[in-house]
Amino acid sequence: MRAKDYRAALQKAAEILGEAMHVVDAGGRTIIYNEAMARLEKINVEDALGRSFEEVFTHIPLEESTLYRALKKNEATVNKEQTYLNVYGRQVTTVNTTVPIESEGRVVAAMEIAKDITDIKNMSDTILELQEETILGDRGEKEEGRKRKGVKKYRFDDIKGESPLLREEIKRAQKASATDVSLFIYGETGTGKELFAQSVHYDGVRGDKPFLAQNCAALPESLLEGILFGTARGGFTGAVDRAGLFEQADGGTLLLDEISAMPYELQGKLLRVLQEEYIRRVGGNKDIPVDVRIIATVNEPAEKLIEEGALRKDLYYRLKIVGLNIPPLRERKEDIPLLAEHFLEKYNRKYGREIWMISREALEKLRDYDYPGNVRELENIIMSAVSMSEEGHALKPEDIEISRSYRRPPGPEESFNSEEQSLSGYLASIEENLIRTYLIKNQWNISRTAEELGMLRQNLQHKIKKYDLI
């Protein structure tokens, strides 16, 4: 097979694989450039093939080019963020892995695989800008803007419930708020972990300082590191000087939600920051002292996460100076009437309704449910009931739509009855309820639900549409 034929075969393979791919020969001339890469960099394939990458991407300084380093320095780059202008002057942000290809001891080509994170990068920049505006507003420098935003600040009085399990955790949290030690909070989805975290901050010794929060599952590692520690100009292609959340939260509190979703290597960097009490911006060489209280949350037991390799044991013990374990709603059902009344008042005001009470039968229906989505799910049920109620001043059992939108998956006692339904219908009901349960558990995150159910995201989306789950 001729070299030309090999290139054609590889180009076809690159199209089939679907990953954004760019391959250059030893002279830097593009020999493979697939449609996925063209869409990512927003240029035409014909504008890249056969041309030197230096000619196509003139806006990237040569020393910052990962392809250049692979070819000239035999240097591999793994998951490197780049922000640059393409040939048409459009800004693109990618995470690249670039490797040199060697033959007989010399570099004969370089291959780059890239992932487009332009939208996510724009979102992360917006997050930092909004966080900074909020901090300035809280400090009185943008008072008018702060009032306009109306950001809710939760305190211990906002935590509703009288069950012994809940009151014990509130008591522990109140003691912790009188200090500035780090906290590690475990609670299932919807139990109110951020409510506790904000209460510890705003009713605590740092209450007049910034409170910032970041969901560690929301961003890829390359962006999450920059969000936390900031970036320095020249640290990577397109990098600008920008303070991260640690600098913005200096003197205050930083909530790291779902910390087990933070990549393992980044957890190690976080541990060093906590031990040494200074950060270094991504790409920077200056040590910046920070004084930040960390509150970390997880929605699975820490021991399980450590065993699975999702959470570093040393980071866990460094963070768990004080540990809180927020009980799920099924373990404090005596709080359901109080919570239901609270949400009833809230949504009466919001929707202009005059529903004065919840009937005894409706309350029994609420008590008989296990709430995989916990307090958040109960709130959604009451919100739906109030918004859809058409007449009367009391919520009745038929107003409580647990049976349609919040059913438990069938247990083994719910055996198949061929006289009532077909086998296919029975299996479909099991599938529908199982998908619903995992969607609620994962806060309707489709990617995470698909992963836990062991199915493709596209297939899950098809099922969601089929069963009218969202």
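The figures that follow rest on heavy atoms only: side chains count, while hydrogens, waters and symmetry mates do not.
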task: Assess whether salt bridge (charged side-chain N to carboxylate O under 4.0 Å, His left out) is satisfied between Glu379 and Arg376, documenting all intermediate values.
output: CA-CA 5 Å; Glu379 179 175 5; Arg376 183 185 295 118; over 6 Å; no
Quiz item: cation-pi between Arg353 and Tyr347, 6.0 Å / 45°: no
Answer yes or no: is there a donor N or O on one side and an acceptor on the other, between the side chain of [X] and the main chain of [Y], under 3.5 Å?
{"X": "Asp399", "Y": "Lys396", "answer": "yes"}
{"X": "Thr30", "Y": "Val24", "answer": "no"}
{"X": "Asn374", "Y": "Leu329", "answer": "yes"}
{"X": "Arg318", "Y": "Leu271", "answer": "no"}
{"X": "Arg293", "Y": "Val181", "answer": "yes"}
{"X": "Asn299", "Y": "Thr189", "answer": "no"}
{"X": "Tyr371", "Y": "Leu366", "answer": "yes"}
{"X": "His201", "Y": "Arg206", "answer": "yes"}

- request: May I ask you to decide whether Arg436 forms a salt bridge with Glu432, counting only side-chain N to carboxylate O separations under 4.0 Å?
  value: yes
query: Quick check: are there more than 12 heavy atoms from other residues, nucleotides or ligands sitting under 6.0 Å from CD of Glu331?
result: yes
field: CD (Glu354) with more than 12 external heavy atoms under 6.0 Å
entry: no
task: Measure from the ring center of Phe246 to the ring center of Phe229 and say whether it is less than 6.0 Å.
output: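 Between Phe229 and Phe246, which both carry aromatic rings, the centre distance is below 6.0 Å.
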message: Please list all pairs meeting side-chain hydrogen bond (donor to acceptor under 3.5 Å, both in side chains) that have one or both residues in residues 155-171, counting only residues at least two apart or in different chains.
response: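 Those involving residues 155-171 are Arg155-Asp203, Ser163-Asp335.
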query: How many angstroms lie between OH in Tyr33 and CD1 in Ile43, if you round to the nearest 0.5 Å?
result: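 Taking OH in Tyr33 and CD1 in Ile43, the distance rounds to 3.5 Å.
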message: Using the salt bridge (Lys or Arg N to Asp or Glu O under 4.0 Å) criterion, which residues pair with Glu452? Sequence neighbours excluded.
response: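 Glu452 satisfies salt bridge (Lys or Arg N to Asp or Glu O under 4.0 Å) with Lys441 once adjacent residues are dropped.
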- prompt: With Thr66, which residues qualify under side chain to side chain donor-acceptor pair (under 3.5 Å), at least two apart?
  reply: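 So Thr66 forms a side chain to side chain donor-acceptor pair (under 3.5 Å) with Thr98, Glu112.
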query: Are any of the side-chain heavy atoms of Leu256 and Leu319 separated by less than 4.5 Å?
result: no
